A.B. asks: 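Structure provided below as structure tokens; questions to follow.
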Protein chains: 2
Amino acid sequence: MILTKENRNTIQRKLIWEALKRLNHPTADDVYLAVRENYPNISRGTVYRNLNQIAEKGELQKIPIPSGPDIYDVTLRPHYHIKCRRCKKIYDVEMEDLPDISRYITDKHGFVIENHEIVFQGLCPKCNKNGGYNNE
Amino acid sequence: MILTKENRNTIQRKLIWEALKRLNHPTADDVYLAVRENYPNISRGTVYRNLNQIAEKGELQKIPIPSGPDIYDVTLRPHYHIKCRRCKKIYDVEMEDLPDISRYITDKHGFVIENHEIVFQGLCPKCNKNGGYNNE
DNA sequence: ATACATGCAAACACTTTGCAGCACA
DNA sequence: TGTGCTGCAAAGTGTTTGCATGTAT
């Protein structure tokens, strides 16, 4: 018999959740630093454990970022990101909703698809301007 | 004055490139292990440096995988992946080409978009079968 | 009461980097 | 000949985990 694990409402979890709501799309470390302002003894381990737990329940999106720490987002609507190949910075991307992108998958091996993330890559205006010199 | 750096054809680079061509979509460590069979003294550092260099030139795709090592692909056509939320395994996804997906971006901040990666997430058939017990 | 969470620190996984010597062009 | 590359090892970055203790239910 498999039981759902109970989830306790600790102070730490509440503070983490509050930080999540007011931060933009923070990394685990951003959350850690934010919570620590009001609760200096919190540990990174606790932050990571809670973020994973909340994301596991589906109340939080954990978004992996190429060559960088995962970011978290409380808005469950998918939104996308773009990363500059040169300077490695991440930016948000505004995008009309694709008409059910998972429809395009021809073979999904029986997966139940829940969400997706798109990471675009290219050159940001600044890096593009500073010469395309090592582009090819 | 900015100069393009010379690229030397070392034995190591040739072996790395050959390994890339015959492996599926290997991680850096897969490449390292493969090359090491014929050239035992190669070091991980060299493999990483070369993979980055080749990818930087645009001859290789470096594909970041959520919660796992980057994978590399010599076919530059984008292809997508799906990851099981429960068991964390990665699978390839066959997908018809989306009609120029970057067209859907309404605000790209002046980026020059070169490519993109989509990572779907969901439940694989096996994990879905073993009960949806901790789904919500 | 007890199952679950915490803080701490160590371990882990992946990748980059400094350096002295080597080798391709 | 000289710049670029190599092997090695150490360090860097991001995340997980073991353990003894604390706490929400």
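Computed from a predicted model, the values in this text were never measured in an experiment. So that the names make sense, note that chain A is the first sequence line, chain B the second, and so on, each numbered from 1.
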A.B. asks: Does B/Arg49 get its side chain close enough to the base of D/dG4, under 3.5 Å, for a donor-acceptor pair?
C.D. replies: no

A.B. asks: Give the rounded distance in Å between these two atoms: CG of B/Leu33 and P of C/dC14.
C.D. replies: 12 Å

A.B. asks: Could you walk me through whether A/Gln12 and A/Tyr39 pass the side-chain hydrogen bond (donor to acceptor under 3.5 Å, both in side chains) test, one step at a time?
C.D. replies: CA-CA 8 Å; A/Gln12 291 89 341; A/Tyr39 196 89; 3.3 Å; yes

A.B. asks: Taking any heavy-atom pair under 4.0 Å as a contact, classify B/Asn9: base, sugar-phosphate, or nothing.
C.D. replies: sugar-phosphate

A.B. asks: Tell me the interatomic distance from A/Ile71, atom CD1, to D/dG14, atom P, rounded to whole angstroms.
C.D. replies: 13 Å

A.B. asks: Parallel, tilted or perpendicular: which fits the ring planes of A/His81 and A/His25, with parallel below 30° and perpendicular above 60°?
C.D. replies: perpendicular

A.B. asks: Under 4.0 Å: is that the gap between some side-chain N or O of A/Arg13 and OP1 or OP2 of C/dA5?
C.D. replies: yes

A.B. asks: Should the ring pair B/Phe120 and A/His116 be called parallel, tilted or perpendicular, given that the plane angle runs from 0 to 90° and is split at 30 and 60?
C.D. replies: tilted

A.B. asks: May I have the distance from A/Asp70 (atom CG) to D/dT16 (atom P), rounded to whole angstrom?
C.D. replies: 8 Å

A.B. asks: Expressed in angstrom and rounded to an integer, what is the separation of A/Asn50 atom CG from D/dT16 atom P?
C.D. replies: 12 Å

A.B. asks: At under 4.0 Å between heavy atoms, what does A/Asp29 touch on the DNA or RNA strands: base, sugar-phosphate, or nothing?
C.D. replies: nothing

A.B. asks: Confirm from the modelled atom types if B/Arg8 and D/dC5 form a donor-acceptor pair under 3.5 Å, side chain to base only.
C.D. replies: no

A.B. asks: Can you tell me how far apart CG (B/Asp29) and CZ (B/Arg44) are? Round to the nearest 0.5 Å.
C.D. replies: 4.0 Å

A.B. asks: On DNA chain C, check which nucleotide each of B/Gly45 and B/Pro69 is closest to and give me the residue with the more 5' one.
C.D. replies: B/Pro69

A.B. asks: If the cut-off is 4.0 Å, is B/Asn7 near the phosphate of D/dC5, judged by side-chain N/O to OP1 or OP2?
C.D. replies: yes

A.B. asks: Roughly how many Å is it from CH2 in B/Trp17 to C1' in D/dC5, rounded to a whole number?
C.D. replies: 19 Å

A.B. asks: If I take atom CG in residue B/Leu15 and atom P in nucleotide D/dC5, what distance separates them, rounded to the nearest angstrom?
C.D. replies: 16 Å

A.B. asks: Answer yes or no: does a side-chain N or O of A/Gln53 lie under 4.0 Å from OP1 or OP2 of C/dA5?
C.D. replies: yes

A.B. asks: Working to the nearest 0.5 Å, report the span between CG of B/Asn50 and CD1 of B/Ile16.
C.D. replies: 4.0 Å

A.B. asks: Between A/Gln12 and D/dT23, does any side-chain N or O lie under 4.0 Å from OP1 or OP2?
C.D. replies: no

A.B. asks: Using whole Å, what does the distance between atom P of nucleotide C/dT17 and atom CZ of B/Arg44 come to?
C.D. replies: 18 Å

A.B. asks: Would you mind reading off the distance between B/Ile16 atom CD1 and D/dC5 atom C1', rounded to a whole angstrom?
C.D. replies: 11 Å

A.B. asks: According to a strict under-4.0 Å criterion, is B/Asn52 in side-chain N/O contact with OP1 or OP2 of C/dT16?
C.D. replies: yes

A.B. asks: Hey, does the side-chain of B/Arg36 have a donor or acceptor N/O within less than 3.5 Å of a partner on the base of D/dG7?
C.D. replies: no

A.B. asks: With a 4.5 Å heavy-atom cut-off, do B/Ile63 and B/Tyr72 have their side chains touching?
C.D. replies: no

A.B. asks: Look at the side-chain N and O atoms of B/Thr10 and state whether any lies under 4.0 Å from the OP1 or OP2 oxygen of D/dT6.
C.D. replies: yes

A.B. asks: Are A/Tyr48 and D/dT15 close enough that a side-chain N or O sits under 4.0 Å from OP1 or OP2?
C.D. replies: yes

A.B. asks: Does A/Tyr39 reach a base, just sugar-phosphate, or nothing at all? Heavy atoms under 4.0 Å.
C.D. replies: sugar-phosphate

A.B. asks: Return no unless some side-chain N or O of A/Thr46 is found under 4.0 Å from OP1 or OP2 of C/dG7.
C.D. replies: yes

